[in-house]
Every structure is written in C-alpha cells, then in structure tokens.
Amino acid sequence: ITEFDKAQSVMLSNYLRSRKRKALLEDHSPKKKSKMWKGLFGEADGAAVPAREEPPLLEEATVEVDNYVREFMRIETEGLLINRRPCTLYALATAIGNCDKLFMGMRDLEDTNADQIITFHTNSNSAMKLKRALKKIRVDVDAQSTTVSSWKEAEQLLSKTIRFKKEEKEKAERSSFEAFRLRLVELGHDIATKAREFFKFTESHRHLDNAAAKPQSQLDKEDEAMAAELQQAYDEHEARRQGSAVIDTARRLAEKEKEEEAQKAVSSILRELSPEEQEVAREAIYGIGPPDEKLAQVGTDSVQRDSLHRLQPGEWLNDEVIHYFLVMLSVRDEELCNQDPNRKRCHFFKSFFITKLLNEGNANPDLDGKYEYRNVKRWSKKVPGKDIFGLDKVFFPINQGNAHWVCAVAFIQEKRIQMYDSMGGPGELYLEAVFQYLQDEHKDKKKTALPDADQWELVPTTADTPRQRNGYDCGVFTCMFADFLSRDCPLIFSQDHVNRCRERIGLSIMNGRAIL
C-alpha cells in the first residue's frame, strides 16, 4: 500500500466519520470504494471532481420509534383526515416524510437512564432510518391504491415497516434508575444488621500500636450507635415513602374529581345543540347561495355567505367572522348586565385597533410597528358608558402578520393584562402596547396619570391556556377565549371541542346574539 493510498484512506475515514456514515463504507465492495474515492478526491492529473451522489438506501429500512414520534404521526394523520375523507398510504408517508419538525425533534430513548434524552438533527441515525422506511413505503406498488380512513388503520399499515415501541418497554426503561435507587435503600436495612461484623473484621486486620488502639467495648458501642443510626434512617425513609404513597393517592383522586367536574362544566357550557339549532348552524356553514350574500347584519357590521363557509372544519377564520362574533358577544353581555345591575360591562375592540395603535403595515418603514396613541384616541367614545376604566374587561383581538389570531384581555378592575395565544406565544409586545394605551387614555380623558400604575400586572400566555394542534384553528380559539372570559367561565375547552365551537359561532351569528 503506497503512502498516497494511506492518505486517501485516512481522508475517506474522516469524511465518513464526520457524517456518521461508517456503515455505508462497510456495505460497499472494493470496486464501489474505488468509485467513491474518485467521487471524493477526483481523477488523477487534476480532473474535475464530480458531484457527490446521495448514498443508496439500505436494504433494511425497518426502524423502531418511540411514543413521541408515534404521537406526531398520529397528529399528522388526523390532520389529513380532518374532513373524514380517506387518503392513500402514499400521501400519508409523503406528508410525514416532509415534516421537518418531526425529524428536528426526534428523541432517542435507547439509553436506560430516563433522565438523559438526546435530541438528534436531520442527519442523525434514527432520523435517517425513519426517512428510509417512509421512502420504502412510498415506492411500494400498492401504496397509491391502499387507502386509510383512521389512525388505527394507518398505524397497522405503517407498523409493517416501522416498529412502534411498546408503552411497557418505555415505562420499564424510564423506571430502571428509580428501581435501582430504591433497591439501594432497601439494602440499607441489611447494612445496619451487618455493621457490627464489618467493624470487627476491620479491627482484626489493623496493625496499630496497642496503646493507640481503642478498647473493644468502645468499638462495640460505636458499632451499636452506627447500626441504630442506619436503622433510624431506614425507618424514617419507610415512613416518608408510606406517607408519600398516601399523598399520591389523595392527589390522584383529587385530580380525577377535578377532571370529572371539568367535563361536567364543558357539557354545561358547550352544550349540544338542539336539532333545530343544528339545522340553522349547518345551513349557514354549508348552505348554497351567492358568495357575497349578506346572511346577517347589525348596524354597519355584516357577514357574507363565503365568510360563514370558513366555519367548516379545517378552514381559517377571517376578520369578518371574528369581528361579527365579537359583536354578538357584546349583545349578550348587554343583556346579562341588564339582568344583573351589579355586573360591569365588557367591550370588544376589533383587530384594527391594534393595527392602528402600532402602525402595523404602514407604508413608511420608520413608522411601521411604532406605537402611536393619537391613531386610536377617539376609539374609546364607543365603549359602554364612554369610560373604559368603568368596564370589567376589554378584549383586543390581534391578527399577527395576517397569519395567526391571538387575544389580549385587560381586566380593568383587577389591574391585569393577559395574553391568550393558542400556540403559546408570550405576546410581550402587545401587553406593553395595551398597558401604554391605558396610561395615555387615562391621562387624555381624566387629565391625570393612571393611578397605581406600578400595581398593574402583565401576564404572558400561561401554561394552562388551551392549545391548538394544527395551523388553522387559531381564530376559533380566539373567539372561544372571548366567549368564555366574558362570562367569567374557566377555559376548559380543548382542540377536541373545536368543531362544536365552530357550530356555536355560526348559530350565534344567525341568532343575532351569542348563545349561552
């Protein structure tokens, strides 16, 4: 072997190691290796280096995935089947294979220590194996003719090529370290009983001066004290363990009762529509007619048929539907306040308010996104009582970049401004803008600074805020945030209730007031 051949081998090994593709080299014959060297280092005498080709697919495309990947596949499948229309196995494998978020977030749980979770990038071994398995499904001649209509069917078909890790196996891996720790604690009792023999054995093998050695009686007392201390530690651990078990049982019971109460509350608030109400809502959502026909109107606000068609599952709500539904909430709020004189009114701004306040989309780049109170100085004249500080809540729907709906709510009496984003965004920019608006509004209308301004609390989106599981239901969540909070109801709805909420919005629009 010449020095040049050695250099080529070293360079090739480094190249493969840097890309974690040692297995590729092992699968190639010497003839193919020679072709690979030419592709990597070029022909002799300065020939042009050809473009590097992608490595061939491994014959074995089967890969084992954990529950995180399985759950992501389930969500993608349900997204494809949102309209209850079956899709082909080819389309399903293509959708999963093109989802970069899945491969950027794959976790390998092969390590038995459950506290160590390694996140792989798209070139990781597990991610590459999964991509190959999905490609193997796509090239199957039956993939384009095989259809799936549910996640259960999809899982059965995918499991022929992709192994889904059993839940029991994951639990066993995650509990291995805890079981080892508890075993050490149990051994503490044996250590206590054997302490005396250990110290006696150590003493018999010491070669110390007899004058410096401790009397046997003193060693026996120390042995007994050590054994008693170990026994006490073991007893205290057992007492804590038993007490913790009792506390865990009580907590699980409390959580179960809380969940049952929440389900009852959901059934009460998001009640099932009557057959007559369902007919009205579905006629508005699915009815046939001129797209520009106005199906509902109050004052200068109206909503057309094509806008109401956006309440169909899988559709993104536009500003016309959201604004008109907020008008229906205002009508209902006025009726509730008339029934209860002690109840304070709510006000619902349109999304144009924040757009004007922050100069969003301004043609002048220097003004785009810049706060300017004078743009909305007169908007508060339309609030109930013409005094925004006498209200209970003020709702600010926000269309972020014409791509995502969120809602900021000012709890005037509680001195709190909170963001509600179904995607979990904090929304600090909008919280600061609303707070600055309230300060400028108080100074302009009441000629004094906002009292106790340092006591106001700005709350980003909290962890318990309901979350959407797709990219098109944000408008529905925004409407439900305003619906529930304006009635002082907890946000106990979820993605599972979205289609019922869509019918609820359509019925409210057609009835001329938000339903209870």
Side-chain angles (χ1 to χ4, degrees), residues 12-29 32-33 35-36 39-40 51-80 87-144 146 148 150-174 176:
L12 177 60
S13 177
N14 292 338
Y15 170 80
L16 295 173
R17 187 183 299 110
S18 66
R19 289 160 177 77
K20 300 181 180 179
R21 293 180 177 174
K22 291 182 179 180
L24 181 63
L25 180 59
E26 296 174 358
D27 292 340
H28 281 304
S29 63
K32 291 184 178 181
K33 288 180 184 178
K35 292 182 179 180
M36 185 183 298
L40 291 174
R52 181 174 60 86
E53 297 181 354
E54 290 294 326
L57 286 174
L58 297 178
E59 295 182 359
E60 178 58 41
T62 303
V63 60
E64 183 179 57
V65 298
D66 54 32
N67 195 47
Y68 299 101
V69 180
R70 177 184 178 276
E71 183 65 15
F72 203 103
M73 290 182 177
R74 183 187 67 80
I75 294 173
E76 284 295 316
T77 303
E78 292 179 351
L80 289 176
C87 68
T88 63
L89 181 61
Y90 178 87
L92 176 61
T94 302
I96 297 175
N98 291 337
C99 188
D100 293 336
K101 292 185 178 179
L102 168 61
F103 297 99
M104 291 298 292
M106 285 186 63
R107 292 179 171 88
D108 185 4
L109 298 179
E110 295 177 358
D111 193 343
T112 56
N113 186 353
D115 295 333
Q116 295 180 355
I117 299 178
I118 306 173
T119 303
F120 285 86
H121 49 73
T122 53
N123 288 329
S124 70
N125 189 36
S126 298
M128 291 298 295
K129 284 184 177 180
L130 179 56
K131 284 191 173 183
R132 291 166 186 158
L134 292 171
K135 187 170 184 178
K136 182 178 179 180
I137 295 174
R138 293 198 300 270
V139 299
D140 192 330
V141 293
D142 297 330
Q144 295 189 5
T146 304
V148 294
S150 66
W151 162 241
K152 187 175 181 180
E153 294 180 5
E155 185 179 19
Q156 291 178 351
L157 293 172
L158 292 174
S159 61
K160 295 179 181 179
T161 307
I162 301 172
R163 295 195 302 271
F164 296 101
K165 186 179 291 186
K166 300 296 184 181
E167 184 177 0
E168 294 76 7
K169 182 178 179 181
E170 289 192 356
K171 291 183 179 179
E173 291 176 349
R174 291 179 179 275
S176 59

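Side chains are part of it too, since the values below use all heavy atoms of this structure and drop only hydrogens, waters and symmetry mates.
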So Met73 and Leu130, do their side chains get closer than 4.5 Å, heavy atoms only? yes
Measure the spacing between [atom1] of [X] and [atom2] of [Y] and express it to the nearest 0.5 Å.
| X | Y | atom1 | atom2 | answer |
| --- | --- | --- | --- | --- |
| Arg132 | Lys136 | CZ | NZ | 12.5 Å |
| Thr77 | Glu153 | OG1 | CD | 11.0 Å |
| Ile137 | Asp142 | CD1 | CG | 12.5 Å |
| Ile96 | Arg138 | CD1 | CZ | 10.0 Å |
| Leu89 | Leu158 | CG | CG | 6.5 Å |

Of the non-hydrogen atoms in Ile162 and Ala133, which two are nearest, and what is the gap between them? CG1-CB, 4.0 Å
Residue set satisfying side-chain contact (heavy atoms from CB on, under 4.5 Å) with Glu155, at least two apart, ordered chain then number -> Arg70, Trp151, Phe164
